[in-house]
Amino acid sequence: MIVFLQSVLSGVLIGGVYALVGIGLTIIFGVMRVINFAHGELVMIGMYLTWIIFTGLAIDPFVSILISIPAMFAVGALIQKTLINRVLGALPENQILLTVGLGLVLSNLVMLFFTSDYRILTTSYSSSTLRLAGLSVSTPLAISFAITSAITALLYWFLLKTDTGQGIRATAQDRDAAQLMGINVKRMSLLAFGIGAALAGTAGALISPTYYIFPQVGGVFTLKAFVIVVLGGMGSVLGATLGGVIIGVTESLAAVYISAGMKELFVYVLFLIVLLFRPAGLLGRSRV
Amino acid sequence: MLSVRKLSFSYGDLKVLWDIDLEVNQGEIVTVVGANGAGKSTTLRNISRLVKASSGEVVFDGVDLLRLEPHQVVERGIVQVPEARRIFPEMTVLENLRMGSFVKATRKDRARNMERVFTLFPRLKERERQLGGTMSGGEQQMLAIARGLMANPRLLLLDEPSLGLSPLLVKHIFEIIKEINRQGITILLVEQNVYQSLKIAHRAYVVETGRVVLSGKGQELLADEHVRKAFLGM
């Protein structure tokens, strides 16, 4: 029983970070109908940014998100303005080529400057654990989950309660009608990509104390984020949150009870089963 | 107030508007009537800048609208209530109304405008927490008009507000349009319901296959031989 609870708990904790990656992807998709296949690379950039700040300025990874969030927002906004904006309304295959290509360019640029060596970011608490109601929790995972929850709560408040946040949702629900409300949809797209990139970058920062950092790490996250978003329902923020946690828990349980090498297999089997019964995802239609 | 001169527009190689000329004066109800596909909605979409005109000009209070982005047109006081209502389906009635006053300058009047549209449409007040997508066609049309009014329009563009509604509701919607006009809002109404719209309009234009073929006072056109034959079945 302890083992079960233990693995569910670590699954939820890591799932929170997955959710962050998925939410970013789903917001971008919702507003622009573009699937960002370079999303994992944004996570990777976030990891490198954190690593550089840590090794260069000795700033703790969890503190450095104060720098990486605005920096990644700017990167996202720039990508939107210079690249994505040109393919809005274009054929889907053109959009896919653009974002897949962008991902390749980003990972190879990083490889050019930082080589393909695996980097490890070791903090004083990297391998320490906390005791929580009889269960042990990895300290960095617990901190990252607390930060993830705070950011997610803030994001929900923004999307549900502020004019700009509602404007982003309105744009996602009906782009033409949004324009007739006086909503500047180009600005909303810029914000959406900026927020998406900032969330991906934050996720990268949060996992950097517990993950290997290397140029190709993004591929894993793009795939994971895509599964999370489809599982939760394309465009649904709530769905992506739920999807992230479900994937995290599934991976964790499969790793403990079956085999760590086969955890991905169970994620995809679960994914297929859900789609079989709910083709639009768990929350294919929801308010956020 | 608004003047459209020699407006032309093509979807790719297909020209759908040919030198449209129309004029809307302060305080009027002007209607554009015509058959399905005549180019009525396309004219409104050009004024709101949802599509890019190929030539001509659209001037509103001395400003050439064809240089503006869609959101800037709304900021100048031209608000369109689109065809098929286009309610935000996953937002509540209140949220939909709030989006109506998205433009910064109108946010300070939000509470007052909310009050005003609830007086006009008491039904919406009862449904304020309901999701837009779950409402009936008539309720959605009320919400669409109410949402448009939230933006403090000086000129309200209404695209087929009676489409798909029951005869009783159609009558109600036309009453509402007259009431909104009495409150001082100028109206450009596009309709397939020729009889009802000519009855309430000060002036009217008849469009056929992308051209203005006839214009005059609403009452005059109601008596016009061509209009009676083509649209009223008399």
Side-chain angles (χ1 to χ4, degrees), chain A residues 23 26-27 29-31 33 81 85 88-91 156-192 232-242 280-288, chain B residues 41 44-45 47-51 68-92 94-108 110 129-134 140 143-144 146-153 156-159:
Chain A
I23 291 170
T26 216
I27 289 180
F29 174 79
V31 171
R33 304 288 140 174
K81 204 170 176 95
N85 202 23
L88 291 186
L91 296 169
Y156 273 97
W157 171 82
F158 170 72
L159 288 174
L160 285 169
K161 297 293 175 199
T162 67
D163 278 301
T164 310
Q166 290 191 335
I168 290 178
R169 283 166 58 217
T171 308
Q173 289 175 29
D174 192 328
R175 202 177 176 85
D176 273 0
Q179 303 203 64
L180 294 178
M181 302 299 111
I183 296 171
N184 182 349
V185 294
K186 283 187 184 147
R187 190 170 149 257
M188 294 302 139
S189 303
L190 206 71
L191 279 174
M234 301 286 278
S236 163
V237 175
L238 198 61
T241 316
L242 195 65
L282 291 171
L283 299 171
R285 286 176 69 85
S286 87
R287 287 182 56 210
V288 284
Chain B
S41 296
L44 291 194
R45 288 174 69 80
I47 297 172
S48 286
R49 301 289 291 140
L50 289 179
V51 293
L68 303 183
E69 292 285 320
H71 67 97
Q72 295 170 318
V73 173
V74 182
E75 285 161 10
R76 306 230 165 228
I78 302 185
V79 178
Q80 181 181 158
V81 178
E83 190 177 353
R85 1 251 192 233
R86 306 293 284 268
I87 294 303
F88 300 114
E90 310 296 333
M91 286 183 158
T92 64
L94 280 178
E95 286 175 318
N96 266 284
L97 290 176
R98 199 170 151 182
M99 285 298 94
S101 57
F102 187 86
V103 172
K104 281 216 171 72
T106 66
R107 290 182 194 171
K108 61 175 181 354
R110 192 173 266 164
R129 308 256 163 223
Q130 196 174 332
L131 288 187
T134 65
Q140 285 193 4
L143 178 55
R147 187 179 64 175
L149 292 175
M150 292 295 294
N152 286 342
L156 192 64
L157 311 177
L158 293 167
D159 195 352

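Numbered from 1 within each chain, the chains take letters A, B, ... in sequence-line order.
No side-chain heavy atom of Arg187(A) sits less than 4.5 Å from a side-chain heavy atom of His71(B). In this structure, Asp176(A) and Arg86(B) have side chains that are in contact, with non-hydrogen atoms separated by less than 4.5 Å. With contacts defined as side-chain heavy-atom distances shorter than 4.5 Å, the pair Leu50(B)/Leu180(A) qualifies.
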Quick one: do Met181(A) and Phe88(B) satisfy side-chain contact (heavy atoms from CB on, under 4.5 Å)? Show the steps, please.
CA-CA 11 Å; Met181(A) 302 299 111; Phe88(B) 300 114; 4.0 Å; yes
side-chain contact (heavy atoms from CB on, under 4.5 Å) between Glu90(B) and Arg169(A), worked out:
CA-CA 9 Å; Glu90(B) 310 296 333; Arg169(A) 283 166 58 217; 5.8 Å; no
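The candidate with the highest count of non-hydrogen atom pairs below 4.5 Å against chain B, out of Asn184(A), Ile183(A), Asp163(A), Val185(A), is Asp163(A). Contact count versus chain A (heavy atoms, under 4.5 Å) is highest, among Arg85(B), Arg110(B), Lys104(B), Glu75(B), for Arg110(B).
Gln80(B) touches chain A through backbone and side chain together, each having a heavy atom under 4.5 Å away. With a 4.5 angstrom heavy-atom cutoff, Arg49(B) does not touch chain A via any of its atoms.
Of all heavy-atom pairs spanning Arg98(B) and Lys161(A), the tightest one is NH2-O, 3.0 Å. Nearest heavy atom pair, residue Pro70(B) against residue Gln179(A), reads CG-OE1, 2.9 Å. Closest of all the heavy-atom pairs between Ala170(A) and Met99(B) is CB-SD, 3.8 Å.
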